[in-house]
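See below for the structure under consideration.
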Amino acid sequence: QVQLVESGGGLVQAGGSLRLSCAASQRTLSLNRMGWFRQAPGKEREFVAVSNWSGSSINYADSVKGRFTISRDNAKNTMYLQMNSLKPEDTAVYYCAVGGRFGIRVSDFGSWGQGTQVAVSS
């Protein structure tokens, strides 16, 4: 089973930016869909973004469209989430995951990282 390690979280002021990274223990070329989820305190884990292996098929949650960008560097076995114009409501633990062929539900994704905390102050 692939191991995933997230990094890049931290504390930032509203309007600021962060870039999260997700390093995989195996070639990401072999991982069709990889995605980002987040979970705020007291809330369920929710979908943020997903990309297929080439980046030719990408989907975002409506709440992050136009502000977040998902990308993959398969040569480095790493996936990224560039987050701009951050808002306090983006505060959450962010997780990367490997998905199946379809779907954006939590249950559609298998291997998960341990998460990285993002906190946005107002």
Met34 and Arg72, any side-chain heavy atoms less than 4.5 Å apart: yes
Where [X] and [Y] come nearest, the two heavy atoms and their spacing:
| X | Y | result |
| --- | --- | --- |
| Ala24 | Val2 | CB-CG2, 4.1 Å |
| Ser17 | Ser85 | OG-N, 4.3 Å |
| Ala14 | Ser122 | CB-CA, 4.4 Å |
| Met79 | Gly35 | CE-O, 3.4 Å |
| Leu18 | Gly8 | CD2-O, 3.9 Å |

Distance check, rounded to the nearest 0.5 Å: [X] atom [atom1] versus [Y] atom [atom2]?
| X | Y | atom1 | atom2 | answer |
| --- | --- | --- | --- | --- |
| Ile70 | Ser51 | CD1 | OG | 5.0 Å |
| Arg33 | Trp53 | CZ | CH2 | 15.0 Å |
| Leu4 | Gln114 | CG | CD | 9.0 Å |
| Glu6 | Cys96 | CD | SG | 4.0 Å |

Heavy-atom donor-acceptor pair, Thr116 side chain to Ser7 backbone, under 3.5 Å: no
Donor-acceptor contact below 3.5 Å, side chain Asn59 vs main chain Ala49: no
Audit row: Val48, Leu81, side chain to side chain contact (heavy atoms under 4.5 Å, CB included) steps and yes/no: CA-CA 10 Å; Val48 174; Leu81 186 68; 4.2 Å; yes
Taking atom types as modelled and ignoring hydrogens, do the side chains of [X] and [Y] form a donor-acceptor contact shorter than 3.5 angstrom?
| X | Y | answer |
| --- | --- | --- |
| Gln1 | Ser111 | yes |
| Thr78 | Asp73 | no |
| Tyr94 | Arg38 | yes |

Name of the residue among Lys87, Met83, Gln82 meeting side chain to side chain contact (heavy atoms under 4.5 Å, CB included) with Arg67: Lys87
Leu20 and its side chain to side chain contact (heavy atoms under 4.5 Å, CB included) partner, picked from Tyr80, Trp36, Phe68: Trp36
Residue list, salt bridge (charged side-chain N to carboxylate O under 4.0 Å, His left out) with Arg105, at least two apart or on another chain: Asp108
Side chain to side chain contact (heavy atoms under 4.5 Å, CB included) against Ser56, all qualifying residues, sequence neighbours excluded: Asn52, Ser54
Co-members of the apolar cluster containing Val50 [side chain, <4.5 Å]: Phe37, Phe47, Val93, Tyr95, Ile104, Val106, Phe109, Trp112
Pair Lys65 + Asp62, salt bridge at N-O below 4.0 Å: yes
